[in-house]
A.B. asks: 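Mind looking over this structure? Questions follow.
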Amino acid sequence: MIVQKYGGTSVGTAGRIKRVCRRIAETVRSGQQVVAVVSAMGHTTDRLIALAQRVSETPPARELDMLVANGETITAPLVAMCLQGLGVPAISLTGPQAGVRTSRQHSKARIREIRPERILEALEQGKVAVVAGFQGATEDLEITTLGRGGSDTTAVALAAALGADACEIYTDVDGILTADPRVVPEARLLTHIGYDEMLELAAVGAKVMHPRAVEIGQLYSVPIHVRSSFHRRTGTMIVAEVPMEDRNRVRGVAHEKQVAKITLLSVPDRPGVAAAVFEPLGAHGISVDVIVQNVSSEGHTDLTFTVAEGDLAQALALVEGVAKEVQARGTSHSLGLAKVSVVGTGMLGTPGIAARMFRTLAEAKINIEMISTSEIRITCIVEREDAERAVNALHSAFELDQIPAPA
Ligand code: ADP
Ligand code: ASP
Ligand code: MG
């Protein structure tokens, strides 16, 4: 059994849907059971969000989910009817029909459970189950979505729940590259990448995979093959163990352009303040990235952190409340920032990677506003207008353009 996920560009037009269906038909004819997870066609999700913003200044999260879930709901029946026309029995299912049960956090719900009875029934009847990605429902059938790019997560979660042999993610690039090929033309295809590395890359902006999909893949040991829907060459295997010969110290550079920064000014330096600030953000599903606390002077300190630009308004509202509670002097914020990161498990125990990153940015005259690290990642916050230059400079400084092309 195989789960195949087809992204927005791959199903962007009627012609492309037909091509995807021929591919599914071939897989069926080779004797495999297929669950196909599909995204909204092309830029449908963006268009629906823009439409909502034209009728409402702040579209309520519940109604927005009711709206944007429809993108995927359109693609699934189109794929199912096209397959039937090719003589392949198929049935379309919405996320809720496919048994995707989620938390209640609208627009960033998490899959809690999958009850795949309808899928199993379809497969037993020899049908392809065509599942609308990105969407699910809570216990009381409220419609939710899994966050932008969330169809990947539907696919990997279904592969895990069904015990599928593999999960293929079909997209509009050759696989996982050393950087976003739209920004770095010299980016190279990686034949393998570890779950850890892919998770870090996805979490800091490599949107080719939804971070939660990688996390579920790792948790349930689902081998994930990311590949192009436009040709037949193998792409990238996301696996636990990367073959030795594939190892570079830095494996990839990622960037994220929609970053905002919030500062709490002159906060009393005492236990519990950081918890008071970050708990409400967490409770509202807002993830906080780079956090910097200045050295305390006269018992007060500044606390600065970044959030996704889309979360800024909500984050500010929460933080302004807390600022009063903890007797901070006030808050400030700025937009127009970006995050640039280098990732690789080979960085562990290799001194000098951070120095090389900072030197490279310095030579490119790019100012670093904030820094954060994990064991296998270094992230710098820079001005948005410098982001693409930074990514290209780092890509060549770490010799990622020297990786030989796969045989
Ligand atoms: P889909 O609609 O198939 O889910 P996405 O647009 O979500 O496709 O993801 C694919 C895009 O991710 C690519 O077109 C590419 O611009 C971008 N991308 C960012 N970082 C990387 C990377 N390291 N490797 C490959 N693609 C990347
Ligand atoms: N259609 C959704 C989005 O554009 C989900 C996805 O494509 O994975 O974010
Ligand atoms: Mg995607």
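One-based numbering, in listed order, for ligands and for the atoms of each. Note that this is a predicted model, so its numbers are computed, not measured.
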A.B. asks: Under 4.0 Å from a heavy atom of Gly149: give me the atoms of ligand 2 that qualify, with their elements.
C.D. replies: 3 (C), 5 (C), 6 (C), 8 (O), 9 (O)

A.B. asks: Provide the number and element of each atom of ligand 2 under 4.0 Å from a heavy atom of Ser39.
C.D. replies: 6 (C), 7 (O), 8 (O)

A.B. asks: Is the side chain of Asn392 donor-acceptor paired with the backbone N or O of Arg389 at a distance under 3.5 Å, no angle test?
C.D. replies: no

A.B. asks: Describe, in one word, how the ring planes of Phe305 and Phe278 are oriented to each other, choosing from parallel (under 30°), tilted (30 to 60°) and perpendicular (over 60°).
C.D. replies: perpendicular

A.B. asks: Answer yes when Arg148 and Asp46 have at least one side-chain N-carboxylate O distance shorter than 4.0 Å, and no when they do not.
C.D. replies: yes

A.B. asks: Taking atom 23 (N) of ligand 1 as the point of reference, which of Leu201, Ile193, Leu177, Thr171 owns the nearest heavy atom?
C.D. replies: Leu177

A.B. asks: Does Arg251 come within less than 4.0 Å of Asp196, counting only side-chain N to carboxylate O?
C.D. replies: no

A.B. asks: Would you call Arg16 and Asp172 a salt bridge, using N to O less than 4.0 angstrom?
C.D. replies: no

A.B. asks: Using heavy-atom distances only, which candidate in Val184, Val391, Val183, Asp180 approaches atom 19 (C) of ligand 1 most closely?
C.D. replies: Asp180

A.B. asks: At under 4.0 Å between heavy atoms, which part of Val208 makes contact with ligand 1: side chain, backbone, both or neither?
C.D. replies: both

A.B. asks: Using distance alone, decide if ligand 1 has a nitrogen or oxygen within less than 3.5 Å of any nitrogen or oxygen in Gly8.
C.D. replies: yes

A.B. asks: Is Gly133 close enough to touch ligand 2? Criterion: a residue heavy atom under 4.0 Å from a ligand atom.
C.D. replies: no

A.B. asks: Of all the non-hydrogen atoms in the protein, which one sits nearest to atom 11 (C) of ligand 1, and at what distance?
C.D. replies: Asp172 OD1, 4.0 Å

A.B. asks: Answer yes or no: is there an ion pair linking Lys257 with Glu309, defined by an N-O contact shorter than 4.0 Å?
C.D. replies: no

A.B. asks: Measure from atom 25 (C) of ligand 1 to every heavy atom in Gly175, Ala206, Gly252 and give the option owning the shortest one.
C.D. replies: Gly175

A.B. asks: Could you tell me the residue and atom name of the protein heavy atom closest to atom 7 (O) of ligand 1, and the distance to it rounded to 0.1 Å?
C.D. replies: Lys207 O, 3.5 Å

A.B. asks: Just heavy atoms, cut-off under 4.0 Å: does Pro181 contact ligand 1 by side chain, backbone, both, or neither?
C.D. replies: side chain

A.B. asks: Nearest to atom 14 (O) of ligand 1, what protein heavy atom do you find, and at what distance?
C.D. replies: Arg182 NH2, 2.5 Å

A.B. asks: With a cutoff of 4.0 Å, is Glu72 in contact with ligand 2, counting heavy atoms of the residue only?
C.D. replies: yes

A.B. asks: Is it the case that Ser396 and Asp401 place a side-chain donor and acceptor less than 3.5 Å from each other?
C.D. replies: no

A.B. asks: Quick check against the 3.5 Å criterion: does Arg188 have a side-chain atom that pairs as donor or acceptor with the backbone of Ile403?
C.D. replies: yes

A.B. asks: Hey, does the side chain of Thr75 reach the backbone of Ser39 with a donor-acceptor pair shorter than 3.5 angstrom?
C.D. replies: yes

A.B. asks: Short list, please: which atoms of ligand 2 are under 4.0 Å from a heavy atom of Ser151?
C.D. replies: 5 (C), 6 (C), 8 (O)

A.B. asks: Do Arg115 and Glu139 meet the salt-bridge criterion of a basic N to acidic O distance under 4.0 Å?
C.D. replies: yes

A.B. asks: Which ligand 2 atoms, with their elements, are less than 4.0 angstrom from a heavy-atom of Arg148?
C.D. replies: 3 (C), 4 (O), 9 (O)

A.B. asks: Any donor-acceptor pair under 3.5 Å linking the side-chain atoms of Gln4 with those of Thr27?
C.D. replies: yes

A.B. asks: Using a 4.0 Å heavy-atom cut-off, which part of His210 comes near ligand 2: side chain, backbone, both, or neither?
C.D. replies: neither

A.B. asks: Can you confirm, on distance only, whether ligand 1 has an N/O atom lying under 3.5 Å from any N/O atom belonging to Lys5?
C.D. replies: yes

